[in-house]
Amino acid sequence: MIDIKFLRENPDLVRASQKGRGESVELVDLIIEADERKRAALSQFETLRQEQNVLSKSVGSAKGDEKAALLANAKELADKVKAADAERAKVEEETRQLLLQLSNLLDSDAPIGGEADFVTLEEIGQPRDFGKEGFEPRDHVEIGKLLGAIDTERGAKVAGSRSYYLTGVGALLEFALVNYAVQSALKNGFSPVIPPVLVNPAAMEGTGFLGQAAENVYRIEKDDVYLVGTSEVPLAAMHMDEILPVEKLPLRYAGYSSCFRREAGTYGKDTRGIIRVHQFDKVEMFSFCKPEDAKAEHKKLLQWEKDFLTAMEIPFRVIDVASGDLGSSANRKFDIEAWIPTQGAYREVTSTSNCTDFQARRLNIRYKDADGTKTVATLNGTLVAIPRMIVAIFENHQNADGSVNIPKALQPFLGMQKFEIV
RNA sequence: GGAGGACUCGCAUAGCGGCCGAGUGCACCGGUCUUGAAAACCGGCAGGUGAAAGCCUCGUGGGUUCAAAUCCCACGUCCUCCGCCA
């Protein structure tokens with residue numbers, strides 16, 4: 001949620017941001033107009049309420065005829081107050097609903113444009129030349145089968161499309177990735193968290209996932225709860241309605257959880273293998289910090305993501321995601337895309353977003369320092385999303401016979417150097 | 001799933017329908033005293049909004065009333081007991 005005061009004072013900045021995202025510019029004017037009505041209704045109500053409070057107090061001490069007269073008066077006033085209050089509530093809700101539709105203000109450095117207009121910030125590592133090595137690389141589905149690591153057929157049989165089993169070394173690899181990720185997160189000042197994945201509507205709405213992203217969220221209607229698509233949701237909502245002590249900032253959590261995504265509207269996209277699935281596990285970094293530190297924190301999250309990819313010995317590039325492709329809470333987003341040999345392309349494996357104070361304002365998370373109480377900034381970043389990392393490791397580290405070399409960083413967690421064919 | 005009980009300013013508690021946005025203790029912050037600390041004493045101490053007056057918030061939402069922390073209803077959360085179960 002954008003600060004309404006900021007919007008009142010800088011409507012042009014907000015309009016420009018909406019335009020950059022390809023979202024409604026006139027929403028800004030609707031909000032300004034609603035806000036004016038809201039303030040008028042509020043002041044009307046407050047004036048009447050004050051009158052009523054004064055009158056009510058005088059009733060208590062009055063006697064006899066005088067009291068009867070006051071009561072008659074007060075009764076009439078009470079009706080007016082009730083009407084004014086109803087009007088206030090109505091207009092306030094209208095304003096809030098409009099304000100919730102508004103996306104976060106873009107970072108002025110974010111590239112403007114659609115999905116294709118990203119800017120590549122850097123490319124790290126050299127993709128292997130399989131032609132020179134004299135063999136055709138297998139894709140992760142084939143390798144997964146050879147190693148007994150991934151079973152998509154039985155996944156489909158039991159749970160439908162975009163489902164899979166991780167078996168044998170596939171399951172072991174998940175544990176190794178998680179352990180390595182958590183170990184590095186601890187080094188970087190994160191405290192480990194296993195959050196709930198079933199959350200209430202307030203948590204979902206507060207983190208901004210009930211807006212345009214709603215169609216990708218699983219909802220359990222009977223109990224009015226949602227399955228989270230990322231542990232960003234429970235991690236952000238963890239401190240909902242709290243005031244954090246300034247000396248605790250930055251507050252960093254590394255959440256490990258399953259993530260659930262409906263993948264609505266992606267029919268035919270990445271249907272093979274485990275690149276796009278309904279359920280996967282992920283270690284997510286989440287930071288609460290002072291707004292003035294958010295940009296620097298964002299860089300740190302990105303660095304830790306890069307460190308992870310480097311440790312996995314996988315070639316990757318970093319892109320600065322364009323305005324039209326940002327989530328509504330993000331003011332800037334960097335994606336890391338790993339090289340996938342069989343696709344001859346870089347594919348997203350991690351992503352980090354700076355949500356500034358947008359998400360925290362919805363969730364009412366503040367901090368207190370010497371000059372008062374202010375809204376914190378929140379940031380999130382993927383440390384490792386298991387299936388996509390498995391894809392990248394299998395495809396990039398495969399040998400001609402279908403076996404896969406294990407990156408050095410993971411070897412201590414697996415007790416082997418190589419995944420062999422079964 | 002069934003039966004009871006509770007929810008007040010960080011914690012613990014007080015609170016008669018108007019004198020309660022709310023007392024007390026502990027914790028915390030500032031000060032006096034002290035070589036320093038403790039103790040003692042003095043002062044401060046929920047949040048939001050507003051330029052201010054004020055307005056709003058006693059789990060949440062509704063209702064009764066001129067007036068609700070206080071009465072009524074619904075929901076939520078927690079606790080105890082019974083049943084079921086990892």
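These numbers come from a predicted model, not from an experiment. Lettering follows sequence order; numbering is per chain, from 1.
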How about Leu172(A) and Met416(A): do any of their side-chain heavy atoms sit closer than 4.5 Å?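 Leu172(A) reaches Met416(A) side chain to side chain.
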
Complement of [N], any strand, by Watson-Crick or G-U distances under 3.5 angstrom:
N: G18(B); answer: C66(B)
N: A74(B); answer: U60(B)
N: C33(B); answer: none
N: A12(B); answer: U24(B)
N: A38(B); answer: none
N: U49(B); answer: G54(B)
N: U80(B); answer: A3(B)

Separation of the [atom1] atoms in [N] and [M], to the nearest angstrom:
N: A46(B); M: A39(B); atom1: C1'; result: 29 Å
N: G47(B); M: G23(B); atom1: P; result: 15 Å
N: G17(B); M: U65(B); atom1: C1'; result: 9 Å
N: C58(B); M: A51(B); atom1: C1'; result: 29 Å
N: A22(B); M: A69(B); atom1: P; result: 12 Å
N: A68(B); M: G62(B); atom1: C1'; result: 13 Å
N: C19(B); M: U35(B); atom1: P; result: 49 Å
N: C11(B); M: C20(B); atom1: P; result: 24 Å

Are more than 12 heavy atoms, taken from residues, nucleotides or ligands other than [X], located less than 6.0 Å from that residue's [atom1] atom?
X: Lys145(A); atom1: NZ; value: no
X: Glu348(A); atom1: CD; value: yes
X: Phe6(A); atom1: CZ; value: yes

What are the 5'-most and 3'-most nucleotides of RNA chain B lying under 4.0 Å from any heavy atom of chain A?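 Contact span on the strand: G18(B) to A67(B).
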
Measure up the Trp339(A) and Tyr346(A) rings against each other and bin them: parallel (under 30°), tilted (30 to 60°), perpendicular (over 60°).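 Perpendicular, since the angle between the ring planes exceeds 60°.
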
Applying salt bridge (Lys or Arg N to Asp or Glu O under 4.0 Å) as the test, list every pair that has at least one member in residues 154-174 of chain A; sequence neighbours left out.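 Pairs touching residues 154-174 of chain A that pass the test: Asp151(A)-Arg154(A).
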
Between His298(A) and Phe334(A) (judged by ring centroids, cut-off 6.0 Å), do the two rings come close enough to count as a pair?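 Yes.
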
Can the ring centroids of Phe260(A) and His278(A) be said to lie less than 6.0 angstrom from one another?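 No, they do not, as the ring centres are separated by 6.0 Å or more.
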
Within residues 73-80 of chain A, residues whose heavy atoms come under 4.0 Å of RNA chain B: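 Ala74(A), Lys75(A), Ala78(A), in order of number.
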
Could you walk me through whether Leu106(A) and Gln18(A) pass the side chain to side chain contact (heavy atoms under 4.5 Å, CB included) check? CA-CA 8 Å; Leu106(A) 288 174; Gln18(A) 284 293 100; over 6 Å; no

With heavy atoms under 4.0 Å as the rule, sort Ser43(A) into base, sugar-phosphate or nothing.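 Ser43(A): no heavy atom of the nucleic acid under 4.0 Å.
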
Students often get this wrong, so: under 4.0 angstrom with heavy atoms, is Arg366(A) touching a base, only sugar-phosphate, or nothing?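 Answer is sugar-phosphate: Arg366(A) comes under 4.0 Å of backbone atoms only.
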
Over all atoms of both residues, closest heavy-atom pair of Met312(A) and Leu177(A):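 Looking at all heavy atoms of both residues, the shortest contact is SD-CD2, 3.9 Å.
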
Closer to the 5' end of RNA chain B via nearest nucleotide, is it Leu42(A) or Ser56(A)?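 Its nucleotide being nearer the 5' end, the pick is Ser56(A).
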
Most 5' of Glu51(A) and Lys82(A) on RNA chain B, judged by nearest nucleotide: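 It is Glu51(A), whose closest nucleotide lies nearer the 5' terminus.
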
